[in-house]
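Throughout, protein chains are lettered first and strands after them, A, B, ... in sequence-line order, and every chain is numbered starting at 1. Values below: every heavy atom of this structure, side chains too, minus hydrogens, waters and symmetry copies.
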4 protein chains.
Amino acid sequence: MKAARIFAYNKPFAESVKLVDVPDPEITGPFDVIVKIAGAGVCRTDIHIVQAVWQQALGDPKLPYTIGHENAGYIEEVGSAVTGLTKGDPVILHPLITCGLCYACRTAYDMACEHGVFPGLDGADGGWAEYLKTSVRNVIKLAPGTDPVPLAPFADAGITAYHAVKKALPYIHPGTKVVVVGVGGLGHFGVQLLKVMSTATVIALDANRDRLTFAKEIGADHVAFAGEDGGVAEILKLTEGRGADVILDFVAENNTPQYALKYLRPARGGTYIVIGYGGTVAPTTLDMIANEINVIGSIVGTYAELSELMELNRQGRVHITSTTFPLKEYAHALDELDAGHVRGRGVLVP
Amino acid sequence: MKAARIFAYNKPFAESVKLVDVPDPEITGPFDVIVKIAGAGVCRTDIHIVQAVWQQALGDPKLPYTIGHENAGYIEEVGSAVTGLTKGDPVILHPLITCGLCYACRTAYDMACEHGVFPGLDGADGGWAEYLKTSVRNVIKLAPGTDPVPLAPFADAGITAYHAVKKALPYIHPGTKVVVVGVGGLGHFGVQLLKVMSTATVIALDANRDRLTFAKEIGADHVAFAGEDGGVAEILKLTEGRGADVILDFVAENNTPQYALKYLRPARGGTYIVIGYGGTVAPTTLDMIANEINVIGSIVGTYAELSELMELNRQGRVHITSTTFPLKEYAHALDELDAGHVRGRGVLVP
Amino acid sequence: MKAARIFAYNKPFAESVKLVDVPDPEITGPFDVIVKIAGAGVCRTDIHIVQAVWQQALGDPKLPYTIGHENAGYIEEVGSAVTGLTKGDPVILHPLITCGLCYACRTAYDMACEHGVFPGLDGADGGWAEYLKTSVRNVIKLAPGTDPVPLAPFADAGITAYHAVKKALPYIHPGTKVVVVGVGGLGHFGVQLLKVMSTATVIALDANRDRLTFAKEIGADHVAFAGEDGGVAEILKLTEGRGADVILDFVAENNTPQYALKYLRPARGGTYIVIGYGGTVAPTTLDMIANEINVIGSIVGTYAELSELMELNRQGRVHITSTTFPLKEYAHALDELDAGHVRGRGVLVP
Amino acid sequence: MKAARIFAYNKPFAESVKLVDVPDPEITGPFDVIVKIAGAGVCRTDIHIVQAVWQQALGDPKLPYTIGHENAGYIEEVGSAVTGLTKGDPVILHPLITCGLCYACRTAYDMACEHGVFPGLDGADGGWAEYLKTSVRNVIKLAPGTDPVPLAPFADAGITAYHAVKKALPYIHPGTKVVVVGVGGLGHFGVQLLKVMSTATVIALDANRDRLTFAKEIGADHVAFAGEDGGVAEILKLTEGRGADVILDFVAENNTPQYALKYLRPARGGTYIVIGYGGTVAPTTLDMIANEINVIGSIVGTYAELSELMELNRQGRVHITSTTFPLKEYAHALDELDAGHVRGRGVLVP
């Protein structure tokens, strides 16, 4: 089959990642599942992989491997112990294959599974391919007849935003002002989920005016342009000088953390949730305590959270905006993403 | 009456703070209360006041004013609307005079009161004096016959530790390793309260070996010496290489935040709670998200928390270690604290 | 001034409660506030007062007193220590006058204030009158120009529903089925607030088909008719045989608790929240444990909750349906309520 | 092998349950585990099984089957996919075999597993035998050299108490009075765990004076004798007339629920947690709302909770009191339990 695999770091996308022929995956264990990929999302993390941002954190995974961690498709084949899944069933996949036995898995914190495998990221083969081998443990069955292609971005962008919004909920009550930094693939879920799951007043912040228009269309109460001051003045104005109660930073690189600390409210537990990455957040401990600031890191959501999010989608309460590309145009898709030209999320179709 | 007042920043203690004669305070409002001070704690914050660390954060309070924000004593006189308090009643005082009407006060978050006055810190006269004028709102009556002198440190050091431990509780279950950084006035409460309020395994960390012995005496399960590597190696060893699940940093200046990030467990929401101040904490956003780190600022506890803590003390479950000094020796007390010679907390007695 | 006062229990409304002349209230304490009533809600509790349901629970309050515990109007006069309120300001009143000093008040649980006074219910004069004397502690200022008349029902019916929905939130995630029992004054808030504050799927249950139509109009996802089986079969059908995850019973008299236990889901912590009263709820302890059932009583919300709810109303996210009556027609209003003819809430206008 | 199996309901124990020869269990699936039983607890639920209390709730399981749901022993044999377990390893077993895949399992609520099997209770063969076949999913490995016999009661009595205490924690702060009803197999864990995990003041209530002495020995702060009034007067006295803030009823049959409602504090969310069963709890809805009472059912704890509890035991913070009987004396052990003669918990040894 065809698969887009990373062969080297820090080269142009078309050189780092190449479309090559590899053998089809095969069932070897009782709980294995092979999925025929229908759609695989294109994520900023894929760019970061190429840039070697994750190389050290992931223990220098052996190259090449197939990237793509945001996958949906159809059941192709299942292992001997798998029940309830039949060839042709539409499915979406949680990105992490978990063990189900460790303390993290037992306590609803499965993305910290002690034996987790993260296809497309940690060296295991991911979904920028025709088929993906995974486990029954990370399959969510969709309603019969569902088209999985446009749903792929829920598998990572969606639940990452969902997980972050859940972390924000304890800090939100009517009147709370929440700033969403970055209205891209993740942020466009963030804006919608905040409106659906909470009573927050949502302020979307972006350096791209097009995206601010988009943010209004999907429900943001206010928008702020991240100009030379990172949007600080505009947000202080929108919050009557008080600052944001909660910030969800889906960018968290360049200077967004520094600006965030400037428009985070200076009292009563202002909460800054970090979802993007690439930068550094550096508050003084005096500010931390005088203002009782919380700085909270948030990673991809759990399997259960993905199933909850799919229910919200089924009810029509959250919508995806996406652009599809043929699998062979993966490099173009990465370029478009890098250039900020993708509205919502890009999806590769084999 | 005699009062120790700050006249200038950044001089030797005996010059910045002087013992002078001032008029006795008088009742002017219906809820005013005048307390005859029996004991007033000596806090690292008093040193920070002299060092002008708070000057800007507090809006440059007008000098001179009487310092001392950790006070206990006896009711001397009360305003016309005060009920239930009689001259001679032993009392301890919450450090903040709150309004009781704002949203923060209404939601059990009174230390963020929108109209709060913080005697001894923000320019209002504090308790390093013979008498202190405060409000019925921050008085806690002690059992008849109680000697308030040794209890004064509960009023700030105690509830600050209590508040921080409460923030840690959601992250603690049997087997959780909690590091207490700094076994001084606050930390010695922290060690005890963790053992009383949770099932944590407590590791006390200090650069002073005497204090590690002290930590063992008051209940720490393990101790670690903060040597050249800030204790990193020893804590990794005590946690079987996994790192600390939770850190309560009662120092948070010099390099303690940098070291803390090195021995904070690299997965599953390691939580770093900042109580001390003076330094900067600067994680990368990649570490924040990959490890789902929480960095949480914690300030002094609420009035209700002080009453809960006094109940723990009444039950004999938390003990104070303190050294008393006559009020006129305030400068010596500050020197001793600064030199790390005070075991537990220093208390001034007028 | 004119005031509708209860003189005797268990008579026809027009005999139990009489409109009489009484002296205008006067400021006597520094925090007193006198409000010129614009609208005062008519509540099932007013019927229960006349039926002596509360007589014993409230320590047999001395008759006569003015009833009416759901009040909004304009500031008329304030005590010497009151700031920020001026004659003519539109206001809504939390029903309980709290002390602000007890442990309950300090811990955001003010409706359990140890010294609370409940005008219109416990013997203190309420708002079915031209003027009401209350305290600055239970006043919420409305935006200039706001008409307080239609807002009165937020003061009790609204926050009672809000408080109950907040108790339900920990049990709700996408896909959760919540049954609202009774779409009257409280229930019509309950339906809306569940949709605004949570991701619940809402099933409204009522014995009045008109109200089911009304429920759909205000956002219920499904409705069920409480026929001979109390709606059990219909709800089991709507929940695919699984039963309701959460029930908010705004009636809780007659047989609603018995039916509720029949359609509460038989596993995983089905939660039955009791807001109405008059009946008895009697699960076996075997059912309680085998199904981990929660049965949770819920009373009126806190002052802070009322301010949060007013913010939701200001944002246009919650709407009141009400019918106004002149004050002198209070007996007719009670009759209409008792007969189930009031859509939403009745409001008396002096 | 020998196994004690239930053949008929409602006969004397020695007739309902008979010791018979059955074939040894065999590995058939990849995750199967066979445990050589070292100790199997004797629980009031075993008596209830014989009394057919569970017959209907469990769908009338086919007789005979081997009872015994509180098991510890040594690994005998494991299936092909099991790693990390070797013949001879000492283990304790969570009572429920869970699927690990359903929403309940994914959200740390595994005792509500949609496909759970409960050996010894629901018709699957339990542990009153020489060997038990179970799954890797419910095995907890003990430290090498641990004697599993005395630990068996943690597997059900222990985690049931642990689970209930966890439900109580949100309602406990310093000064909270918690009544433990029944100081038997479960209650003796309840008393200890409340002291270890919370700051509660614990009042043990029992109708057996011997057990009250025992309760004091294991840490109860106060004891009350359940005489003719069920202990109501004594508890009101011990709580200065206020009533208990929280009740953990490990009996919940006969009249204990009725008495509990009489000594539950009449304000601010008094919480009654039901762990035992056999009776009915029947508060009026007026009491439910006026006092904001919570009535909460609690069943056996999760796998993760059992591992947490074993850690507490390893640290020496919770102790078991037990009496062992040879397996063949199972009927005598049941008689002794029924007569109230067992201090702590009875354990059968094959």
Side-chain angles (χ1 to χ4, degrees), chain B residues 92 108 140-143 151 154 158-159 161-163 165-178 189 192-203 219-222 238-240 242 245 268-269 301-319, chain D residues 92 108 140-143 151 154 158-159 161-163 165-178 189 192-203 219-222 238-240 242 245 268-269 301-319:
Chain B
I92 188 166
I140 291 180
K141 203 170 161 177
L142 301 169
L151 301 182
F154 279 117
I159 54 167
Y162 186 82
H163 189 65
V165 170
K166 267 194 161 177
K167 289 200 174 187
L169 290 183
Y171 306 101
I172 297 177
H173 57 77
T176 300
K177 305 288 195 302
V178 181
F189 285 119
Q192 294 178 73
L193 290 169
L194 280 165
K195 296 305 291 182
V196 168
M197 296 165 70
S198 86
T199 57
T201 299
V202 176
I203 301 170
D221 297 291
H222 307 283
L238 285 165
T239 57
E240 292 152 38
R242 199 183 55 182
D245 301 295
R268 214 203 140 97
T302 65
Y303 177 96
E305 288 174 338
L306 181 54
S307 70
E308 292 168 8
L309 180 57
M310 295 319 294
E311 172 65 20
L312 282 184
N313 176 254
R314 201 192 60 74
Q315 293 178 14
R317 300 175 83 168
V318 184
H319 300 278
Chain D
I92 188 165
I140 291 179
K141 204 170 161 178
L142 300 169
L151 301 183
F154 279 117
I159 55 165
Y162 185 81
H163 189 66
V165 170
K166 266 195 163 178
K167 290 199 176 189
L169 290 184
Y171 306 101
I172 297 177
H173 57 77
T176 300
K177 304 286 195 303
V178 181
F189 286 118
Q192 293 178 74
L193 290 168
L194 279 166
K195 295 305 293 182
V196 168
M197 295 165 71
S198 86
T199 56
T201 299
V202 176
I203 302 170
D221 297 290
H222 307 283
L238 284 165
T239 56
E240 291 151 38
R242 199 184 56 182
D245 301 294
R268 215 203 139 98
T302 65
Y303 177 95
E305 287 174 339
L306 181 54
S307 70
E308 292 167 9
L309 181 57
M310 296 319 293
E311 172 66 19
L312 282 185
N313 178 253
R314 202 191 59 72
Q315 293 178 13
R317 300 175 83 167
V318 185
H319 302 278

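- A side chain to side chain contact (heavy atoms under 4.5 Å, CB included) with D:P174 holds for exactly one of B:V196, B:L309, B:L312; it is B:L312.
- A distance of 8.0 Å separates OG1 of B:T176 from CD of D:E308, quoted to the nearest 0.5 Å.
- Only the backbone of D:A200 comes within contact range of chain B, judged by heavy atoms closer than 4.5 Å.
- Of the atoms belonging to B:T201, it is side-chain heavy atoms, and not backbone ones, that fall under 4.5 Å from chain D.
- Only the side chain of D:R317 comes within less than 4.5 Å of a heavy atom in chain B; its backbone stays farther off.
- For chain B, the nearby parts of D:T199 are the backbone and the side chain; heavy atoms of each come within less than 4.5 Å.
- Contact of D:K195 with chain B is made through backbone and side chain together, with heavy-atom distances under 4.5 Å.
- Using a 4.5 Å cut-off between heavy atoms, D:S307 does not touch chain B at all.
- Distance check, rounded to the nearest 0.5 Å: NE2 of B:H173 to NZ of D:K166 gives 8.0 Å.
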